[in-house]
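What you are looking at is a predicted structure, and each value in this text was computed from that prediction instead of being measured. Lettering follows sequence order; numbering is per chain, from 1.
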2 protein chains.
Amino acid sequence: MDHAPKPDPVLTRLREGFERIALVLRADLWAAAGKAGLNPTQAQVLALLAARPAGLRPKEIAAHLSVSAPSMADTLAALERKALLRRTPDPADARAVIARLTEEGAAQGQALAAAATQVTAALARLSPGEQADLLLAQVKLIRTLQQAGAIPVQRLCVTCRHFRPNAHPGEAAPHHCAFVNAPIVDRDLRLDCGEHEAAAPAVQAATWTAFTGG
Amino acid sequence: MDHAPKPDPVLTRLREGFERIALVLRADLWAAAGKAGLNPTQAQVLALLAARPAGLRPKEIAAHLSVSAPSMADTLAALERKALLRRTPDPADARAVIARLTEEGAAQGQALAAAATQVTAALARLSPGEQADLLLAQVKLIRTLQQAGAIPVQRLCVTCRHFRPNAHPGEAAPHHCAFVNAPIVDRDLRLDCGEHEAAAPAVQAATWTAFTGG
DNA sequence: CGCTTATTAATAGGAGTCCTATCTATATCC
DNA sequence: GGATATAGATAGGACTCCTATTAATAAGCG
């Protein structure tokens, strides 16, 4: 009847933990969106596009948020009615459009992305060391998910051509970002950096080895 | 215009990481639910109740899943139509009902709760030590969220009267569960134990001190 | 160049979640 | 006994979200 292989119970418990936290994120999202007169999906689009001033194609937005393209078309139309977003033709491809936030939409999106929530309050109770370890675990998970094709390509430090892992071995801030030309600590690692430029695959592999092996 | 205090950027990044992973969980849920002919909310109810043979009240289920009671009534009605769930009057309170899974519903719920997903696959790539640290961080976060009232009371080892933190100091499995009368490791900590019995508040506080201080 | 195939986005139609507001029945407290 | 609170269900409506289809453009190939 059931032929799917069951994973190690520890993995199931860890997924369970993520699910619990995801439910709080969802409640937080409803609260924050409701305060702004939006619904959750609209708020997610605003928060996503607030970090992408150049805009994104509808299909890409749908992929980032794990919904179908028609569903996203619904949401984009709603945001356009509220004058928070504009869809313009893509000059590089006459089939495509580019969705960008208006000034008002960008302001709301930034507020939503940076707002304090129940989850950030709980995270604040962890020690700095625990926070750094948690961020590191997230980077590893997200990179794995990205490699598996479960999520679109993310703008992680560890896949960026400006990132120099363990450039300052033994020091408190061992890594280095060549773009801002400054050393960085684990807790500074970005999950969605605006200045990200993907490194070549071979470079990414080497970066990862230096990062994790250090 | 915006008076809400902004949290430390690290906390925002950590929340961002949880959000990314939550999107994958959502995609996993759609996939698993679709395979079973259900939709995501129905699947979540099945997975929740599969661990609660005694059943739960509709209001409690709604609280666990962060939706309103009327929404849950919709979903419970749908599951009842599919003969996966039964609602019976609560003998202890004539206003209340108890929702329990049928045999078929319990089988599907257990399969959903234990199934391998993209997230469990990614988690499997972490080292055992990283997995244990991550589980520990989740326990701390969930306990904090529970104390803040953001989520209903969870059946965590660290709030159970059978749990003896650091009963075997210095050993590989330092903790002990008096119910099964066996030592346990960090990675064995439960987030939703069927045998959980809440300890008195003062005992919980002492347990937590011994657990984290050890 | 002209034809086929792929890709991007929007639309149509429908199922179902999810909300607020309201209603009934029962419990609890004074 | 009567006021208040609580559990659940219902009504009505907005909106997400899906699959399937259509329109327009791009890209590959003889």
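When each of B:R26 and B:L76 is assigned the nucleotide of DNA chain D with its nearest heavy atom, B:L76 is the one assigned upstream, toward the 5' end. DNA chain C is contacted by both A:R87 and B:T75; A:R87 maps to the nucleotide lying nearer its 5′ end (nearest heavy atom per residue). Mapping B:M72 and B:K82 onto DNA chain C by nearest heavy atom places B:K82 closer to the 5' end of the strand. Sequence order on DNA chain D of the closest nucleotides to B:P70 and A:S71 puts B:P70 first from the 5' end.
Partner of B:T159 under the side-chain hydrogen bond (donor to acceptor under 3.5 Å, both in side chains) criterion, chosen from B:R143, B:H196, B:Q154: B:H196. For the side chain to side chain contact (heavy atoms under 4.5 Å, CB included) with A:L84, the lone residue among A:L79, A:V45, A:L49, A:L101 that qualifies is A:L79.
Side chain of A:R95, nearest nucleotide from C:dA10, D:dC18, D:dT25: D:dT25. Listed candidates were C:dA9, D:dC18, D:dT10. Nearest to the side chain of B:A73 is D:dT10.
The side-chain heavy atoms of A:H175 and A:D186, taken from C-beta on, include a pair separated by under 4.5 Å.
By the neighbour-count criterion of 12 heavy atoms within 6.0 Å, atom CZ of B:R86 is sparsely surrounded, having that number or fewer from other residues, nucleotides or ligands. Around CZ of A:R155, the count of heavy atoms belonging to other residues, nucleotides or ligands within 6.0 Å exceeds 12.
At the heavy-atom level, B:D90 lies nowhere under 4.0 Å from the strands shown. Among the atoms of the strands shown, none is found under 4.0 Å from any heavy atom of B:P40. A:Q42 comes within 4.0 angstrom of the backbone, heavy atoms only, and of no base. The residue B:D74 sits close to a base: some heavy atom pair falls under 4.0 Å. Nucleic acid contact for A:A69: none, since no nucleic acid atom lies under 4.0 Å from a heavy atom of the residue.
Rounded to whole Å, atom P of C:dT28 lies 7 Å from atom CG of B:D93. Rounding to whole angstrom units, CD of residue B:E60 and P of D:dT6 are separated by 15 Å. What separates NZ of A:K59 from P of C:dT7 is a distance of 7 Å, to the nearest Å. D:dC18 atom P lies 11 Å from atom CG of A:L65, rounded to whole Å. For the pair B:N39 CG and D:dC15 P, the interatomic distance rounds to 21 Å; values are reported in whole Å. Nucleotide C:dT8 holds its C1' atom 13 Å from the CD1 atom of A:I61, rounded to whole Å. Rounded to whole angstrom, the span from the CH2 atom of A:W30 across to the C1' atom of C:dC19 amounts to 6 Å. B:L29 has its CG atom 15 Å from the C1' atom of D:dC18, to the nearest Å.
The shortest heavy-atom contact between B:C160 and B:A199 is C-CB, 4.0 Å.
Applying the 4.0 Å criterion to OP1 and OP2 of D:dT16, one finds that A:T41 has every side-chain N and O outside that range. Regarding contacts with the backbone of D:dA9, every side-chain N or O of B:R57 stays at 4.0 angstrom or more from both OP1 and OP2.
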